[in-house]
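Only one structure is covered here, and it is reproduced in the block below.
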Amino acid sequence: MGVALREILGEYREEVELEELRGTVAVDAFNALYQFLTIIRQPDGTPLMDGEGRVTSHLSGIFFRNLNFLEKGIRPAYIFDGAPPDLKTETVARRRGVREAAGERWKEAVERGDIEEAYKQARTSARIDDAMIASSKRLLDLMGIPWMVAPSEGEAQAAFMARQGDVGAAASQDYDALLFGAPRLLRNLTVSGKRKVRGRSVTVRPERIDLAAVLAGLGLSLEELVEVGILIGTDFNTGIRGVGAKTALKIVRGGKFQETIRERAPDFDPEPVRAFFLNPPVTGDYCLDWREPDRDGVVAMLCGEYAFSEARVDAGLQKIGMKTGQKTLGDWF
DNA sequence: CCATCGCA
DNA sequence: TGCGATGGG
């Protein structure tokens, strides 16, 4: 779940309206799909499925959320993960274990009729499979939205594209993109509105974090912020037991990063992790090209293959001007 | 997640 | 007119 920097980044989170975000954004595709998949569910945790039992929650999320983006002048590009780095092997295995255990508990909860527990476990058990990734890419193509596969981590590639100035920001729920050097990070872009958190209803709004403001405010260089992350723990290392964001900040500010690692995790070599954040595998070989949606193609896919209602899909497409004589997508670009 | 509907 | 509940696939 990324790096736990929330504690020290709280004051740098600036709430923004979707309407202010006009422009381009590189979206961490895996992160977005995961959010759609965990959120778009029935009360007992069952995701949306077509008649053949294929999960369609992610398609619903991609379709409706992107229509809203386009309507508001936000041009998203989706960045999929490539092969995970070796450093992530442990994290990947641990997550799989957590998912599988939750899948069992989901079944059990449904059997006892414990709806609330079922929902919770269902969300934890959510897994993005190859079919979901393939159908997502196909829908993005039909919607005229560019996507690419990163050499390694999608967040690293998104951060690179933002650094290059090819997109205005990186979008992800995780703070890692900041450690990868994204000058601007947008959170809560693919989750919004009212959500239930532990029984309480909270309103989730998009927020923006400016890397320069973070570094200036904390008095750190990017390299030092990465050290803070390493001490807390990232997807690529376990972190020092008992060290949270605030302690890590103190350690790094005091120039005691190396010393702390030596004393408290003598067997851990932080250098590969540091190098991965500061110089991750990325590519400049991409072309961001937003096109008109292929209306018939979208309808054929969603309604023809996945049993979406044509009335709803049509209504959605008309919102972004797919009716003849109305303003078209091109008018925004 | 989103759109839609019923109700105050 | 705006909010909560509901169904979507």
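Within every chain, numbering begins at 1; the chains are lettered A, B, ... in the order of the sequence lines, protein sequences first and strands thereafter.
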Pick base, sugar-phosphate or nothing for [X], based on heavy-atom distances below 4.0 Å to the nucleic acid.
X: Ser60(A); answer: base
X: Val191(A); answer: sugar-phosphate
X: Ser57(A); answer: nothing

Roughly, in whole Å, what's the span from [atom1] in [X] to [atom2] in [N]?
X: Leu48(A); N: dT6(C); atom1: CG; atom2: C1'; result: 12 Å
X: Asp314(A); N: dC2(B); atom1: CG; atom2: P; result: 19 Å
X: Asp50(A); N: dG7(C); atom1: CG; atom2: P; result: 20 Å
X: Ile320(A); N: dC2(B); atom1: CD1; atom2: C1'; result: 15 Å
X: Asp44(A); N: dG7(C); atom1: CG; atom2: P; result: 13 Å
X: Leu139(A); N: dG9(C); atom1: CG; atom2: C1'; result: 14 Å
X: Glu310(A); N: dG8(C); atom1: CD; atom2: P; result: 17 Å
X: Gln42(A); N: dA5(C); atom1: CD; atom2: P; result: 17 Å

- [ ] Could you walk me through whether Leu220(A) and Arg253(A) pass side chain to side chain contact (heavy atoms under 4.5 Å, CB included), step by step?
- [x] CA-CA 8 Å; Leu220(A) 298 178; Arg253(A) 277 178 174 161; 4.1 Å; yes

- [ ] Could you tell me whether Asp174(A) and Arg187(A) have a side-chain N and a carboxylate O separated by less than 4.0 Å?
- [x]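 No, no charged N to carboxylate O under 4.0 Å.
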
Task: Salt bridge Glu108(A)-Arg105(A), side-chain N to carboxylate O under 4.0 Å - done: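 Not counted as a salt bridge, because no side-chain N and carboxylate O are separated by less than 4.0 Å.
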
- [ ] Using only heavy-atom distances, determine whether the side chains of Trp106(A) and Asp44(A) contain a donor-acceptor pair under 3.5 Å.
- [x]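 No - no donor-acceptor pair under 3.5 Å links their side chains.
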
Open item on the list: If we count only N and O atoms by modelled type, under 3.5 Å, do the side chains of Asn66(A) and Tyr78(A) hold a donor and an acceptor together?
Closed with: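 Result is yes, a qualifying pair exists.
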
Check nucleotides 3-6 of chain B against the protein and report each pair of N or O atoms closer than 3.5 Å, with its distance, or say if there are none.
| unit_1 | atom_1 | unit_2 | atom_2 | d |
| --- | --- | --- | --- | --- |
| dA3(B) | OP1 | Lys319(A) | NZ | 2.7 |

TODO: Start with the C-alpha distance between Asp86(A) and Thr89(A), add both sets of side-chain angles, then the distance that settles side-chain hydrogen bond (donor to acceptor under 3.5 Å, both in side chains), and finish with yes or no.
DONE: CA-CA 5 Å; Asp86(A) 289 344; Thr89(A) 305; 4.7 Å; no

TODO: Please say whether more than 12 non-hydrogen atoms of neighbouring residues, nucleotides or ligands are located less than 6.0 Å from CD in Gln258(A).
DONE: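 Atom CD in Gln258(A) is packed in, count exceeds 12.
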
